[in-house]
Amino acid sequence: MTAGMAQSQGWVTRYFKAFCKGFFVAVPVAVTFLDRVACVARVEGASMQPSLNPGGSQSSDVVLLNHWKVRNFEVQRGDIVSLVSPKNPEQKIIKRVIALEGDIVKTIGHKNRYVKVPRGHIWVEGDHHGHSFDSNSFGPVSLGLLHAHATHILWPPERWQKLESVLPPERLPVQSEKESLHGSP
């Protein structure tokens with residue numbers, strides 16, 4: 001074996017060791033980041049139209065899901081959140097938070113006309129009411145099913161934007177926990 005071949009094999013060995021060290025550091029860091037901080041997800045279906053997927057089945061929005069923001073179950077009315085489906089734990093759904101614990105909400109097609117959201121729960125709905133499987137079907141959702149807060153549309157590029165926490169005026173709670181504690185205005 002010549003000195004040149006030995007040097008080239010030494011370089012390959014050093015490169016391979018450096019690659020392995022980087023790989024075994026990067027993978028756990030990436031997995032932790034995606035699990036605890038943020039990830040991206042493609043939104044399917046029409047339940048959040050027109051906020052998400054306004055083009056219907058022709059296109060799907062890709063959103064940034066912020067796990068860190070919901071780590072203490074702190075959500076606000078109007079937030080768009082990802083959560084584990086209460087009916088199918090293998091599926092994640094994306095909906096808008098309409099009411100928080102203690103709020104009384106006027107339902108749309110639920111078996112009860114009005115529902116008081118129990119402690120540790122939220123009321124979620126899709127923006128496209130006729131095409132959404134949401135709290136009007138399955139009732140209040142446990143905060144433990146929260147997965148992430150959708151903060152931005154990342155794709156397609158022409159729809160790149162921050163998602164605002166907006167609650168449609170017609171979906172305001174009939175009575176919120178704050179009003180019941182401090183008296184109605």
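All residue numbers in this chain count up from 1 along the given sequence.
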Problem - Ile80 side chain near Ile94 side chain, heavy-atom distance below 4.5 Å - result: yes
Handout entry: Residues that His110 engages under ring pair (Phe, Tyr, Trp, His ring centres under 6.0 Å), provided they are two or more places apart
Key = Trp123
Exercise for the section: Look only at the side chain of Asn72 and the backbone of Glu74, and say whether a donor-acceptor pair between them is shorter than 3.5 Å. Expected result: no
Fill in the blank from the handout: In short, salt bridge (charged side-chain N to carboxylate O under 4.0 Å, His left out) pairs touching residues 82-91 with sequence neighbours left out are none
Problem - salt bridge (charged side-chain N to carboxylate O under 4.0 Å, His left out) contacts in which one or both residues fall within residues 150-159, not counting sequence neighbours - result: Asp61-Arg159
Problem - Glu101 (side chain) donor-acceptor with Pro118 (main chain) under 3.5 angstrom - result: no
Handout entry: Selection residues 71-96 - residue pairs positive for ring-ring contact (aromatic ring centres under 6.0 Å, His included), sequence neighbours left out
Key = none
Handout entry: Transitive ILVMFWY side-chain link Leu167 to Val97, under 4.5 Å
Key = no
Handout entry: Side-chain (Asp103) to main-chain (Leu100) donor-acceptor, under 3.5 angstrom
Key = yes
Practice task
Could you state whether Ile108 and Leu172 fall into the same hydrophobic cluster, counting links through intermediate Ile, Leu, Val, Met, Phe, Trp or Tyr residues with side-chain heavy atoms under 4.5 angstrom apart?
Solution key: no
Handout entry: Test ring pair (Phe, Tyr, Trp, His ring centres under 6.0 Å) applied to His131 - qualifying residues, sequence neighbours left out
Key = His128
Side-chain donor/acceptor pairs under 3.5 Å, residues 40-47, sequence neighbours excluded:
from: Arg42; atom 1: NH2; to: Glu44; atom 2: OE2; distance (Å): 2.9
from: Ser47; atom 1: OG; to: Lys95; atom 2: NZ; distance (Å): 3.0

Practice task
Using the test salt bridge (charged side-chain N to carboxylate O under 4.0 Å, His left out), find all partners of Asp127 that sit at least two apart in sequence or belong to another chain.
Solution key: Arg96
When the side chains of residues 139-157 are checked against the rest of the protein, which donor-acceptor pairs come out under 3.5 Å, sequence neighbours left out?
from: Ser142; atom 1: OG; to: Gly144; atom 2: N; distance (Å): 3.1
from: His147; atom 1: ND1; to: Ser82; atom 2: OG; distance (Å): 3.0
from: His149; atom 1: ND1; to: Lys69; atom 2: NZ; distance (Å): 3.4

Handout entry: Residues forming a ring pair (Phe, Tyr, Trp, His ring centres under 6.0 Å) with Phe138, sequence neighbours excluded
Key = Phe133
Handout entry: ILVMFWY cluster, Val75 and Leu65 together (side-chain gap under 4.5 Å)
Key = no
Practice task
Determine whether Ile98 and Ile104 fall in the same hydrophobic cluster, where Ile, Leu, Val, Met, Phe, Trp and Tyr are linked whenever their side-chain heavy atoms lie under 4.5 Å apart.
Solution key: no
Handout entry: Sequence neighbours excluded, every pair satisfying salt bridge (charged side-chain N to carboxylate O under 4.0 Å, His left out) that has a member inside residues 130-148
Key = none
Problem - Minimum heavy-atom distance Thr107-Asn112, with the two atoms named - result: OG1-O, 2.6 Å
Practice task
Sequence neighbours left out, what pairs pass side-chain hydrogen bond (donor to acceptor under 3.5 Å, both in side chains) with at least one residue falling in residues 164-173?
Solution key: Asp79-Ser165, Glu125-Arg171
